[in-house]
Each structure stands twice: as C-alpha cells, then as structure tokens.
A.B. asks: 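Here it is: the structure, laid out below.
Start at 1 with the first residue, then count along the sequence.
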Amino acid sequence: MAEEELVDPKKYLEDACKPKCVKPLIEYEACVKRVEGDDTASKHCTGQYFDYFSCVDKCVAPKLFAKLK
C-alpha cells in the first residue's frame, strides 16, 4: 500500500486570502519604502507586518479548521 503525500492546505488558503488583505499590504510596503534609508535601524515596520498577516490569518482560520480531522 503506497503512502499518500500529505498536502498542507494552509499555503493554498493563504494565497487565496492575500488578495482580500490589500490595504494592510499597501501600508506595509509603504512603510518599508519609508524606512529603507534609515541607517540608525531605529525605525521598523513590525506593526504593519503583523497587521497584514493578522488579516490573512483571520481569513484563513475558519477555512483551515473546517478541513482538520
């Protein structure tokens, strides 16, 4: 009996949800451009990064947990 290759659905669900989170992504990318030239490394875009992935996670979670056994 051959073993089936398990596929993680999270990656596919994330790809499907990313277009729904355009606004946080644009804010993150704008922040990255703003702090690119910061030689002091005192500025960062951690908040915008987490806002973006929080949006993606909120979209993915209900679909992902519905697929778990």
A.B. asks: At what distance, to the nearest 0.5 angstrom, does CG of Asp57 lie from CG of Leu64?
C.D. replies: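 Reported value, rounded in 0.5 Å steps: 9.5 Å.
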A.B. asks: Any idea which heavy atoms bring Cys21 and Pro24 closest together, and the distance?
C.D. replies: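 Residues Cys21 and Pro24, closest heavy atoms: O-CD, 3.3 Å.
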A.B. asks: Going by salt bridge (charged side-chain N to carboxylate O under 4.0 Å, His left out), name the pairs with one or both residues in residues 21-37, residues two or more places apart or in two chains.
C.D. replies: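 Residue pairs passing salt bridge (charged side-chain N to carboxylate O under 4.0 Å, His left out), neighbours aside: none found.
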A.B. asks: For Glu14, enumerate each residue passing the salt bridge (charged side-chain N to carboxylate O under 4.0 Å, His left out) test, keeping only those at least two apart in sequence or located in another chain.
C.D. replies: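 So Glu14 forms a salt bridge (charged side-chain N to carboxylate O under 4.0 Å, His left out) with Lys10.
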A.B. asks: To check you understand the geometry: which heavy-atom pair defines the closest contact between Cys59 and Lys20, and what is its length?
C.D. replies: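 Minimum heavy-atom separation between Cys59 and Lys20: SG-CD, 3.9 Å.
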A.B. asks: Nearest 0.5 angstrom please: Asp51 CG to Leu25 CG, how far?
C.D. replies: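 That separation rounds to 12.0 Å.
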A.B. asks: Each residue besides Val7 in its hydrophobic cluster should be listed here, by chain and number; the cluster joins Ile, Leu, Val, Met, Phe, Trp and Tyr at side-chain heavy-atom distances under 4.5 Å.
C.D. replies: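 Noted: Val7 shares its cluster with Tyr12.
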A.B. asks: Quick check: closest heavy atoms across Cys17 and Val56, and the distance to 0.1 Å?
C.D. replies: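 Result for this residue pair: CB-O, 4.3 Å.
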A.B. asks: Provide the closest heavy-atom pair for Val32 versus Cys45 in the form atom of the first, atom of the second, distance.
C.D. replies: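 Between these two residues, the closest heavy atoms are N-SG, 3.4 Å.
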A.B. asks: Taking only residues two or more places apart in sequence or in another chain, which ones pass ring pair (Phe, Tyr, Trp, His ring centres under 6.0 Å) with Tyr49?
C.D. replies: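 So Tyr49 forms a ring pair (Phe, Tyr, Trp, His ring centres under 6.0 Å) with Tyr28, Phe53.
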A.B. asks: Which residues pass the salt bridge (charged side-chain N to carboxylate O under 4.0 Å, His left out) test with Asp15, not counting sequence neighbours?
C.D. replies: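 Asp15: salt bridge (charged side-chain N to carboxylate O under 4.0 Å, His left out) contacts with Lys11.
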A.B. asks: Using every non-hydrogen atom in the two residues, find where Cys31 and His44 come nearest and quote the distance to one decimal.
C.D. replies: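 Where Cys31 meets His44 most closely, the heavy atoms are SG-O, 3.8 Å.
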A.B. asks: Within the supplied structure, the quantity of interest is the number of heavy atoms (other residues, nucleotides, ligands) at a distance under 6.0 Å from Lys58 NZ; does it exceed 12?
C.D. replies: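 Not buried by this count: 12 neighbours or fewer within 6.0 Å.
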